[in-house]
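Taking it in order: structure first as structure tokens, then the write-up.
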Amino acid sequence: MTAVQPVNRIERRKLKFRQKITEAAIRLFEENGVADTSVASIIKEADIAHKTFFNHFPTKDHLLRHVASAYSERAYQSFADEISRIKDPKKRIAFCLNSIANELKGVKDHYKELLNLYLISGVAESDLQQEQRAQFTRLISQIIADAKEQNQLKYDFPVDMLSDIIIGLCISTLLAWTLEEGYPIVAKMRNQVTFINTTIFA
């Protein structure tokens, strides 16, 4: 038992500093923007040693990836568990896409560039984008597969084709949101949901 406790203390300490760095970075991103926030300013804001920052994040890019990934995971988790309880495919698609839009509607402008770069269309971290897209694709494909099994599709197209259409519409909406100031993402996503539900499902 005594051998486990020191490890737990070390892990808790690591998590504490990682969270401290992340929170300091987010505060500065909101004040100054991502591009104008330096590693030195994050270190000062977090009140940590220079070495501590680089023990957790080798570069600013690693920190940005962490912030984008953490935000995406929170958005995904906000509906992934609940959606399994919904049986109607139309309601599942509506819940899924509208939850994403509702999660993003309050995002500060500084984060739009960050999310676009790391999660939507940028090439800064293709592995992260592929991981997030694969996760989302599995979810949408399962909804379509379940609907097909229950004869709830309007046309007998392949599951992967219908999934690609839905994902493409969602991503195009997210991309427009990152590029256009004041973009009404909630209303636009609802329109996409209406289109999907009237053209794909019976």
Side-chain angles (χ1 to χ4, degrees), residues 1-85 95-140 142 167 170-171 174-175 177-178 185:
M1 193 70 173
T2 53
V4 176
Q5 288 175 340
V7 175
N8 287 339
R9 284 199 297 271
I10 291 170
E11 289 304 315
R12 285 198 300 270
R13 184 175 172 81
K14 284 181 179 179
L15 288 172
K16 179 182 176 182
F17 275 110
R18 193 174 183 87
Q19 185 65 22
K20 192 174 184 181
I21 294 167
T22 302
E23 289 174 355
I26 288 172
R27 285 196 299 272
L28 292 176
F29 292 161
E30 290 178 355
E31 291 176 13
N32 309 316
V34 175
D36 292 331
T37 298
S38 65
V39 170
S41 65
I42 295 170
I43 290 171
K44 182 178 179 181
E45 177 73 14
D47 192 24
I48 58 172
H50 190 270
K51 181 180 178 182
T52 301
F53 178 93
F54 291 103
N55 282 341
H56 292 275
F57 303 104
T59 66
K60 180 182 174 181
D61 186 66
H62 286 82
L63 172 60
L64 295 179
R65 274 183 265 168
H66 168 71
V67 172
S69 179
Y71 196 95
S72 176
E73 283 300 319
R74 285 197 302 273
Y76 180 82
Q77 200 58 47
S78 70
F79 65 81
D81 294 335
E82 180 64 27
I83 203 169
S84 64
R85 302 184 184 96
F95 185 84
C96 181
L97 271 60
N98 289 335
S99 292
I100 294 172
N102 285 322
E103 183 72 20
L104 293 175
K105 68 180 179 181
V107 168
K108 303 280 180 70
D109 286 341
H110 295 317
Y111 290 117
K112 289 186 177 183
E113 181 182 355
L114 182 65
L115 295 176
N116 186 13
L117 183 62
Y118 287 92
L119 296 175
I120 301 173
S121 67
V123 295
E125 180 47 49
S126 58
D127 289 345
L128 177 57
Q129 288 176 42
Q130 289 171 10
E131 177 187 336
Q132 298 297 320
R133 183 173 178 125
Q135 190 178 47
F136 187 53
T137 298
R138 284 193 296 271
L139 180 64
I140 298 299
Q142 188 60 57
I167 292 164
C170 182
I171 290 176
L174 297 180
L175 182 58
W177 167 76
T178 64
I185 186 170

* Asked: Within the side chain of K60, is there an N or O that forms a donor-acceptor pair under 3.5 Å with the backbone of T37?
  -> yes
* To do: Could you grab the distance from atom CZ of R138 to atom CD of Q135, nearest 0.5 Å is fine?
  => 6.0 Å
* Side chains of F54 and V39: does their closest heavy-atom pair fall under 4.5 Å? -> yes
* So how far is it from W177 CH2 to K105 NZ, rounded to the nearest 0.5 Å? -> 13.0 Å
* Pairwise distance CZ(R65) to NE2(H62) - rounded to 0.5 angstrom -> 4.0 Å
* Quick one: list whatever passes salt bridge (charged side-chain N to carboxylate O under 4.0 Å, His left out) with R27, sequence neighbours left out. => E45
* Asked: Quick check: does any side chain N or O of S99 sit under 3.5 Å from a backbone N or O of F95, one acting as donor and the other as acceptor?
  -> yes
* Structure fact -> Rounded to the nearest 0.5 angstrom, the CZ-CD1 distance for F53 and I21 is 6.0 Å
* To do: Any chance you could measure S41, atom OG, to D36, atom CG, to the nearest 0.5 Å?
  => 9.5 Å
* Asked: Is T52 reaching over with its side chain to a backbone N or O of I48, donor-acceptor style, under 3.5 angstrom?
  -> no
* Can you tell me how far the CD atom of E31 sits from the CD1 atom of I26, to the nearest 0.5 Å? -> 12.5 Å
* D47 and K20: which non-hydrogen atoms are nearest, and at how many Å? -> O-NZ, 3.9 Å
* Indicate yes or no: at least one non-hydrogen side-chain atom of F136 is less than 4.5 angstrom from one of I100. => yes
* Asked: Closest approach of A24 and I42, non-hydrogen atoms and distance?
  -> CB-O, 4.1 Å
